[in-house]
Amino acid sequence: MVRDYLIIGAGPAGLQLAASLERDGRDYVVLERGSGPGTFFTRYPRHRQLISVNKVHTGYTDPELDLRMDWNSLLSDDPELLFTKYSEEYFPRADDFVRYLADFADRTGVHVEYGTDVVRVSREDGADGVFTVHDATGRTWRARRLVVATGVSRLNEPPIPGIELAERYDEFDTDPVSFTNQRVLIIGKGNSAFETADALMAKAAVIHVAGPHSLRMAWKTHFVGHLRAVNNNFLDSYQLKSQNAVLDGTVENIEKTADGGFRVVFRYARTSERLRELRYDRIILCAGFRFDADVFDGTCRPALVIDDRFPEQTSAYESVNVPGLYFAGTLTQQRDFKKGTNGFIHGFRYGVRALHRILDARYHNAPWPARPLPAAPEAIADAVVARVNRSSGLWQQFGVLGDVVGVAGDQASYQEEVPLAYATDGGLGPAAHRFVVDLEYGPDHDGVDPFDVTVPRVTENDVEHASDSSYLHPVVRYYRDGVLADTHHLAENLENEWDVPAVHQQPLAAFVKECLG
């Protein structure tokens, strides 16, 4: 039997896509290694607290606006399938999310084969051939298209001599008591490293967190994968001289010592003392995760990028070298690496919806959903302003997804949440006049301290200087025959309400009118 789709992985991305395929009556099946959905979250994060926001009480009455503050729910027409009904904790427990995913899979009726450990993927007869997936028991599945939603499932191990002596984030004993009065080195400077350091502070004597790059704080860069405030209590202990430290540099070598400890050769990044020997009782590797491409044989092995940590993808989330091989979920962060939110549920849930629409257009003769609109500049401006004030997809996928307004004669069409690169690559087809709107921070936003009141800033609702805004604001680009012709910025607003007629709608309508001549 040859199916239309095979999805590998029943995590949040695999379930999100499967629910859409199930609703549309498509021919698919999901293959999952674990005994239930969300296997990754049964183990990670190791200390069981998520860093995804779960804001139950928003003051909104619009469920679309609620999703701006709900980073865990998958997209569904069922109002009961919201994670906010499973926990009221602002940073919820991972076990609650696993329970939520199980209910989502059950209520949406997705077809998942659990206990299916994929060990090899091959392809027959080149680029147009059928994919064959083999599991550990010898069973096979075949499909015309393959969607990989496995996430980054392999621990990232930097090439350090002696790194095998370190305890691994995915295996170490998380009980702080076992670290009592010990000197501990944590390799890595991401959230998993600081999550671990925070958990051990009360028991360990000394903790050093080490990595080659300076720390980047999420509250400054607006990238939620950088260090989050919920994990940075450790920084207080460092700056207030409490026996802990953050080291900028690289671990050059790890050796076991006769007393059972470790000798580490460390190269500092910016000091005259280039090499130093440091001694520790324990070393924990927390250097993040990477995509596991080992299951693909030579007939369909995807190209990898970013130190081979992610599969390289087109603007349609398709492998650049294996046609018909698509990716969903956190793997799609290759498209906006360390800038957007494709690596996180509150971002990739919209990316998965976009992937579903791309698959519909390519294989099921179902163009991207569009609603008609009068081509009058005022009507276009009103439609854009209404969307940027309400949309959760544009809000969460800032700089990645955008709404598209195509104009032909006296008619316009409005298409929502299109990957910006897909639109500009011609994925929607040709158009003489096209407006693309998204939400963006200014180009210098990650270099500005948002808490420094002495830094000159664009004031709220400042129409004249809207293009200089650093804070999140709508940007509308006009393309004539596929070529960027002009750009308009809507003035930023503290409450993210871009609906002051003289400040937002009227200048935008004037811009649209000028573009259309």
Side-chain angles (χ1 to χ4, degrees), residues 9-16 30 32-56 67 69-76 81-107 112 114 149-156 167-176 186 188 190-201 218 224-234 284-290 292 328-331 333 341-349 352 396:
L15 294 179
Q16 182 74 84
V30 184
E32 166 57 42
R33 175 189 302 172
S35 59
T39 301
F40 180 89
F41 293 94
T42 64
R43 186 168 181 80
Y44 303 107
R46 294 299 312 280
H47 297 91
R48 309 310 292 146
Q49 179 179 269
L50 301 176
I51 58 174
S52 47
V53 170
N54 179 51
K55 198 168 191 300
V56 178
L67 283 172
M69 307 302 155
D70 172 359
W71 291 13
N72 300 282
S73 294
L74 300 184
L75 304 178
S76 165
L81 282 180
L82 292 170
F83 181 75
T84 50
K85 296 182 180 295
Y86 287 71
S87 172
E88 288 212 353
E89 293 185 66
Y90 192 76
F91 294 112
R93 307 299 296 175
D95 292 339
D96 288 331
F97 187 62
V98 173
R99 183 165 56 90
Y100 167 71
L101 292 179
D103 286 350
F104 185 91
D106 180 61
R107 292 174 69 102
V112 184
Y114 296 109
T150 56
V152 281
S153 57
R154 172 180 286 185
L155 194 73
N156 185 43
E167 300 172 61
R168 296 161 49 104
Y169 174 73
D170 55 349
E171 298 174 348
F172 85 102
D173 180 2
T174 58
D175 185 356
I186 298 174
N191 281 293
S192 62
F194 281 89
E195 161 210 329
T196 301
D198 279 359
L200 303 183
M201 276 198 300
V224 298
H226 284 146
L227 184 59
R228 301 286 298 285
V230 68
N231 283 328
N232 72 16
N233 285 335
F234 182 84
I284 308 173
L285 176 61
C286 299
F289 293 84
R290 64 191 308 121
D292 185 357
T330 191
L331 292 174
Q333 67 184 283
T341 58
N342 266 321
F344 312 92
I345 295 165
H346 66 289
F348 69 60
R349 63 191 179 192
V352 172
Q396 303 290 24

Trainee: Testing N232, N231, I186, N233 one by one against F194 for a side chain to side chain contact (heavy atoms under 4.5 Å, CB included), which residue passes?
Mentor: N231
Trainee: Parallel, tilted or perpendicular: which describes the rings of F289 and F40, with under 30° parallel and over 60° perpendicular?
Mentor: perpendicular
Trainee: I'd like to know if the side chain of E32 and the backbone of A10 have a donor-acceptor N/O pair within less than 3.5 Å.
Mentor: yes
Trainee: Only counting residues at least two apart or in another chain, list the ones meeting ring-ring contact (aromatic ring centres under 6.0 Å, His included) with F41.
Mentor: F97
Trainee: Look at the rings of Y86 and F83 and say which category their plane angle falls in: under 30° parallel, 30 to 60° tilted, over 60° perpendicular.
Mentor: parallel
Trainee: Mark yes or no for whether T39, through its side chain, and G36, through its backbone, hold a donor-acceptor pair below 3.5 Å.
Mentor: yes
Trainee: Side-chain contact, heavy-atom cut-off 4.5 Å: L15 with V30?
Mentor: no
Trainee: Between V53 and V224, does the side-chain contact (heavy atoms from CB on, under 4.5 Å) criterion hold? Intermediate values first, please.
Mentor: CA-CA 10 Å; V53 170; V224 298; over 6 Å; no
Trainee: Test T150 against D292 for side-chain contact (heavy atoms from CB on, under 4.5 Å), laying out the working first.
Mentor: CA-CA 9 Å; T150 56; D292 185 357; over 6 Å; no
Trainee: Which pair of heavy atoms, one from A94 and one from Y44, lies closest together, and at what distance?
Mentor: CB-O, 4.0 Å
Trainee: Whether the side chain of N191 engages the backbone of H226 through a donor-acceptor N/O pair (distance < 3.5 Å, no angle test) should be reported.
Mentor: yes
Trainee: Donor-acceptor pair, distance only, cut-off 3.5 Å: does the side chain of N156 make one with the backbone of R290?
Mentor: no
Trainee: Does the side chain of L50 reach to within under 4.5 Å of the side chain of P45, using non-hydrogen atoms?
Mentor: yes
Trainee: What is the minimum heavy-atom distance between G14 and A149, and which atoms define it?
Mentor: N-CB, 3.8 Å
Trainee: Rounded to the nearest 0.5 Å, what's the gap from CG on D106 to CG on L101? Could you check?
Mentor: 12.5 Å
Trainee: Quick check: closest heavy atoms across Y114 and A105, and the distance to 0.1 Å?
Mentor: OH-CB, 4.0 Å
Trainee: Given the rule in the side-chain contact (heavy atoms from CB on, under 4.5 Å) test, do D198 and V230 qualify, once you have shown the distances and angles that lead to the verdict?
Mentor: CA-CA 10 Å; D198 279 359; V230 68; over 6 Å; no
Trainee: Mind listing the closest non-hydrogen atom pair of S192 and C286 along with its distance?
Mentor: OG-O, 3.6 Å
Trainee: Going by distance alone, is a donor N or O of one side chain under 3.5 Å from an acceptor N or O of the other, for N72 and S52?
Mentor: yes
Trainee: Compare every heavy atom of E195 with every heavy atom of Y169, then report the nearest pair and how far apart it is.
Mentor: OH-OE1, 3.0 Å
Trainee: Can you confirm whether R33 is buried at CZ, in the sense that more than 12 heavy atoms of other residues, nucleotides or ligands lie under 6.0 Å from that atom?
Mentor: no
Trainee: Is the backbone N or O of S87 less than 3.5 Å from a side-chain atom of N54, with the two atoms forming a donor-acceptor pair by type?
Mentor: yes
Trainee: Could you check whether T330 and Q333, counting side-chain N and O atoms only, form a donor-acceptor pair closer than 3.5 Å?
Mentor: yes
Trainee: Please determine whether side-chain contact (heavy atoms from CB on, under 4.5 Å) holds for the pair T341 and W71, giving the CA-CA distance in whole Å, both sets of side-chain angles, and the decisive distance to 0.1 Å.
Mentor: CA-CA 11 Å; T341 58; W71 291 13; over 6 Å; no
Trainee: What's the shortest heavy-atom distance between H47 and T174, and which atoms?
Mentor: NE2-CB, 3.9 Å
Trainee: Donor-acceptor pair, R46 side chain versus T196 backbone, under 3.5 Å?
Mentor: no
Trainee: Do P12 and F104 have side chains that approach each other closer than 4.5 Å (heavy atoms only, starting at C-beta)?
Mentor: no
Trainee: So does R48 pair up with D95, basic N to acidic O under 4.0 Å?
Mentor: yes
Trainee: Taking R228 for its side chain and I51 for its backbone only, find out whether a donor-acceptor pair lies under 3.5 Å.
Mentor: yes
Trainee: Donor-acceptor pair, R349 side chain versus Q16 backbone, under 3.5 Å?
Mentor: no
